Amino acid sequence: MSKEAKIAKINGPVVIGRPMGDFSMREMVQVGDKKLIGEVIAIHGDEGTVQVYEDTEGLKRDEAIVSTGGPLSVRLGPGLLGNMFDGIERPLNRINEAYGYFIPEGIGMMNLDLEKKWSFKAKVEVGDTVRGGTVVGSVPETSIIEHRVLTPPDVSGEVTWVAEDGEYDITEPVLKVKDEEGEEHEISMSQRWPVRIPRPVDEFLDANELLATGQRVLDVFFPIAKGGTVAIPGGFGTGKTMTQHSIAKFCDADIIVYIGCGERGNEMTEVLEDFPKLIDPNTGKPLMERTILIANTSNMPVAAREASIYTGITIAEYFRDQGYDVAMMADSTSRWAEALREISGRLEEMPAEEGYPAYLPSRIASFYERSGSANTLCGEQGSVTTIGAVSPAGGDFSEPVTENTRRFVNVFLALDKDLAYSRHYPAIHWLNSYSGYVGALSNYYDNRLEGDLPTLRKKFLNILNEEARLQEIVMLVGEDVLPDKERFLLQIARIIKDAFLQQNAFNEIDQSVPLEKQFAMMEVIDTLYEEGEAVLDRGISIEEVKDETLYSEIVNMKYNIGNDDLKPFTDLINRIQEHYREIRIQYGIVEDEMDEIAASDVGEAEKANDAPKEKAEEASEEKTDDTAEEEADGAREEETEEV
């Protein structure tokens, strides 16, 4: 029997009802005559608090609050991919077709299309034993992704009936399972799951595989592991959305879940317009065939903004359970935190720093901890990588959302407004960012590349750190007063920034670069640095060492050398070595070096051979001295006897 209460107070998206003592926490309810969707968030005695996910304008006291008998849940099944939903999984395309541009109130919990037929192919037979999360069938949802039909996590037993391969809607039973107690369960191609409860897995694994993004500053300097957690903080105009777009388009994840939780409408509109036109570089098919969009912009109800992030992570976990690698973008978690702040204020809770609720850190932690790489219940390995943009006001990273997010993520990609305004993209600052996955990915790099990438990475970061120190001196007294080696280091740092870290999203070659080419580019720059520094050590001035033509060729190698042919990098390294060899020959350094090396080797050999002789001579001298002293003593004794 459904439970019912009456509206007592209305405060924006927060509604107080009585009597609600027999309602449950996190229970989904229908509020008022319009049957608005809400969720019970607090119960104090006979009084209950409901946050409403729709506009509450027009609600009145004493209208009914009716229980639905379950928590806020989403329907998971075929029809998710390529679709666009609001924060509580209502399909925006179908709403637009049925009702127009605005979402009407009280349309209920529309979600997936319940009438559309899908081609089901069974993967189990009668008599098989299944457990929760077992793959029992498949549906070709798109030309890229096979949707794997799973048994609900809480159902296990013996298969007693299997539907023939054919066309079914997502509510029709395609399987029957009898559990140990003899109860028979009908299983369809879809299932419901509470958004605030993580889906179970067999075992979480260490993150030790790179989420390749094609962005050099990410794949090399601040790598993201599959199943990792990432924060991208930055002020207005620094490129948070653009960075997430690049990762979504070029990363090697199987599924993309993109959540616009509270972003401006024009930014989400750009996503909706661009994504359907983008071609997946990995498959050549439209990117939307492996993408799910959740749009909850800043002018939509604030409570739905708070729920959207849980809707997205639940959908991501569902595809992880099928054995897929999922990358989830949340843009931006600051707007989500603002929704928490507004609801907390209307509940008259004691505010913490800057008005945010005291439980902000625990909410952020509970969101990011649902990421990870795991052995799923179906025996496959899948992952959810969470990439959250943070929008601190004025680019102030000390504000509560950024600071608390930093505590719970392993990759922190700090965007810098000076880099962005100078058109250096991605505007990820190399001194303020970090990745906690560098050590965990060392074996991955060793197996993938024929070279020591972590060592080169450390070397480049040291150069950039030293360049930052020298720039403080340059700003005071100018670059000309520096020694030649330090001036040369500044040039190498500029080449690292221009040739390697800066990437052009509008260039067909440079917009996404495989890891092998990234490493080859690093080897070219490292050769230039080592060869130039060796010549400077011989006393040659930096004016003789510099070659603007060669430098220009190195900077433009990202555009002029294709992603599939690495031989030109070997040729470029040979030209660098030949250039410095000619300088050494010009100044007669090659012969001198050979003579010095030979003389050094001979000298060391002579020292080694002479060591025993020197010890023998020292011993002989000591012996001679002792003999002389004995003779002198004998002479003194003879003189004494004569006297």
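Residue numbers run from 1 in the order of the sequence given. Keep in mind the model is a prediction, meaning the values are calculated, not measured.
- Ring pair Phe412/Phe397 is perpendicular by interplanar angle, where above 60° counts as perpendicular and below 30° as parallel.
- A side-chain N or O of Glu467 and one of Gln471 form a donor-acceptor pair less than 3.5 Å apart.
- Using a 4.0 Å cut-off between charged nitrogen and carboxylate oxygen, Lys240 and Asp331 do not count as a salt-bridge pair.
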Would you give me the side-chain donor-acceptor pairs under 3.5 Å for residues 203-210, sequence neighbours excluded?
from: Glu203; atom 1: OE1; to: Asn375; atom 2: ND2; distance (Å): 3.3
from: Glu209; atom 1: OE2; to: Lys226; atom 2: NZ; distance (Å): 3.3

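- Side-chain N/O atoms of Arg320 and Ser373 include no donor and acceptor closer than 3.5 Å.
- Residues passing the side chain to side chain contact (heavy atoms under 4.5 Å, CB included) test with Lys546 are Gln491, Ile542, Glu548, Tyr551, sequence neighbours excluded.
- Note on Glu516 versus Arg448: salt bridge recorded, some NZ/NE/NH1/NH2 to OD/OE distance being below 4.0 Å.
- Residues Ser332 and Ser391 bring a donor and an acceptor atom of their side chains to less than 3.5 Å of each other.
- The side chain to side chain contact (heavy atoms under 4.5 Å, CB included) with Arg216 is formed by just one residue from the set Leu515, Asp510, Leu501; it is Asp510.
- Among all heavy-atom pairs drawn from Val401 and Ser334, the shortest one is CG1-OG, 4.0 Å.
- A salt bridge is defined here as a Lys NZ or Arg NE, NH1 or NH2 lying under 4.0 Å from an Asp or Glu carboxylate O, and Arg575 with Asp571 fails to meet this definition.
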In sequence, state the C-alpha distance, the side-chain angles, and the governing distance for Ser143 and Glu289, and then conclude on side-chain hydrogen bond (donor to acceptor under 3.5 Å, both in side chains).
CA-CA 7 Å; Ser143 61; Glu289 291 197 15; 2.4 Å; yes

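- The CG atom of Leu461 sits 13.5 Å away from the CD atom of Glu466 when rounded to the nearest 0.5 Å.
- Looking at Arg148 and Glu146, a side-chain N of the basic residue comes within less than 4.0 Å of a carboxylate O on the acidic one, giving a salt bridge.
- Ring geometry for Phe460 against Phe500 counts as perpendicular: the plane angle is over 60°, on a 0 to 90° scale with 30° as the lower cut.
- Legend: residues meeting side chain to side chain donor-acceptor pair (under 3.5 Å) with Asp321, ordered by chain and number and at least two apart, are Arg199.
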What do the steps show when you test Phe120 against His147 for ring pair (Phe, Tyr, Trp, His ring centres under 6.0 Å), and what is the final call?
CA-CA 10 Å; Phe120 172 80; His147 193 110; over 10 Å; no

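- Glu479 has a carboxylate O that lies under 4.0 Å from a charged side-chain N of Arg494, or vice versa, which qualifies the two as a salt bridge.
- The line from OH of Tyr368 to CG of Asn410 is 11.5 Å long, rounded to the nearest 0.5 Å.
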